[in-house]
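Working notes, structure below.
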Amino acid sequence: MVHWIRHEKVILDFDLAVLYEIETRALKQAVRRNRERFPADFLFELTDAEMDALVSQSVIPSRKSFGGAAPYAFTEQGVAMLSSVLRSPRAVEVNIAIMRTFVQLRRLMDSNRELARKIETLEKKYDEQFAVVFEVIKQLIDDEQERKQQPQRQIGFHTREPKKA
């Protein structure tokens with residue numbers, strides 16, 4: 001349910017509605033009543049192009065899945081703010097689970113960044129070591145080319161023509 005839109009990890013309103021076991025309409029209404037709690041970095045409305053991109057990537061089966069209105073995309077902070085707007089016991093449970101998911105995603109991304117750094121360090125280290133190997137290979141190739149350019153000695157028996165008497 002977590003999507004990557006506008007360089008943010010977000011959850012769409014209709015997915016949250018399913019989790020909260022409420023209608024999407026009710027969720028949007030609660031957000032509109034408390035709009036001041038949801039600045040642009042907490043929540044944004046998807047553009048037509050963003051909705052088309054989700055459909056084309058097969059994340060969403062069709063534009064009909066949006067229900068006619070552009071969905072809201074909630075960032076991690078927006079999901080946390082929903083707990084102050086939706087106060088049912090189910091909303092509290094869901095918010096806790098969602099916040100844990102976002103934390104796990106952040107940890108996973110951090111560990112991947114660390115892994116990428118380690119790989120880059122190894123590449124640099126081995127590039128230096130392989131530079132020596134590549135230099136030796138180049139020298140062998142150069143030696144082979146020089147050898148091919150030298151006149152070749154004939155190998156084997158040479159027959160002499162018989163002396164004429």
Side-chain angles (χ1 to χ4, degrees), residues 1-139 141:
M1 291 185 179
V2 177
H3 303 282
W4 188 256
I5 303 172
R6 296 186 196 176
H7 306 291
E8 293 279 347
K9 294 180 304 245
V10 298
I11 300 179
L12 301 177
D13 58 7
F14 53 85
D15 288 329
L16 287 169
V18 169
L19 291 172
Y20 290 128
E21 298 176 351
I22 61 174
E23 291 182 22
T24 304
R25 175 182 57 80
L27 186 141
K28 285 184 160 189
Q29 188 176 42
V31 169
R32 281 192 295 270
R33 286 183 181 155
N34 297 280
R35 192 64 183 144
E36 71 281 355
R37 293 176 182 249
F38 297 94
D41 57 330
F42 283 29
L43 165 111
F44 56 86
E45 196 169 2
L46 295 187
T47 65
D48 284 339
E50 289 165 337
M51 290 189 291
D52 289 340
L54 287 173
V55 171
S56 71
Q57 296 169 5
S58 299
V59 174
I60 308 296
S62 72
R63 290 276 308 231
K64 292 177 185 175
S65 301
F66 296 122
Y72 289 151
F74 291 84
T75 64
E76 182 177 355
Q77 295 84 2
V79 172
M81 187 57 72
L82 271 176
S83 64
S84 67
V85 174
L86 304 173
R87 297 175 182 239
S88 70
R90 176 69 180 167
V92 172
E93 287 176 31
V94 169
N95 272 340
I96 290 169
I98 290 171
M99 297 312 293
R100 286 182 176 149
T101 300
F102 273 116
V103 168
Q104 287 175 342
L105 278 172
R106 195 177 311 111
R107 285 181 184 152
L108 182 64
M109 289 176 65
D110 287 343
S111 69
N112 283 343
R113 273 188 225 118
E114 182 61 30
L115 180 60
R117 275 189 233 117
K118 286 180 181 178
I119 289 171
E120 188 176 312
T121 301
L122 286 173
E123 284 176 343
K124 286 179 183 175
K125 176 182 173 184
Y126 288 114
D127 282 349
E128 291 170 9
Q129 289 178 356
F130 284 116
V132 173
V133 173
F134 290 136
E135 192 59 40
V136 169
I137 291 171
K138 285 179 191 174
Q139 186 62 46
I141 290 170

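Closest of all the heavy-atom pairs between E45 and A70 is OE2-CB, 3.5 Å. Minimum heavy-atom separation, D41 to Q77: O-OE1, 3.9 Å.
Rounded to the nearest 0.5 Å, atoms OG1 (T101) and CD1 (I11) are 7.0 Å apart. If you take CG on L86 and CD1 on I22, they are separated by 5.0 Å, rounding to the nearest 0.5 Å. In this structure, the separation between CG on L46 and CZ on R6 is 7.0 Å, given to the nearest 0.5 Å. In this structure, the separation between CG on L19 and CZ on R90 is 7.0 Å, given to the nearest 0.5 Å. Rounding to the nearest 0.5 angstrom, the gap separating the CG atom in D13 from the CG atom in L27 is 6.5 Å. For the atom pair M81 CE and N34 CG, the distance stands at 9.5 Å (nearest 0.5 Å).
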- Could you please spell out the steps behind the side-chain contact (heavy atoms from CB on, under 4.5 Å) verdict for V31 and L82? CA-CA 8 Å; V31 169; L82 271 176; 4.0 Å; yes
- Query: Given the rule in the side-chain contact (heavy atoms from CB on, under 4.5 Å) test, do H3 and L12 qualify, once you have shown the distances and angles that lead to the verdict?
  - Reply: CA-CA 8 Å; H3 303 282; L12 301 177; 3.7 Å; yes
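Within a 6.0 Å radius of CZ in R100, other residues, nucleotides and ligands contribute 12 heavy atoms or fewer.
Not one N or O on the side chain of T24 forms a donor-acceptor pair closer than 3.5 Å with the backbone of A17.
Taking the ring axis of Y72 as reference, the NZ or CZ atom of K28 stays within 45° of it and closer than 6.0 Å to the ring centre.
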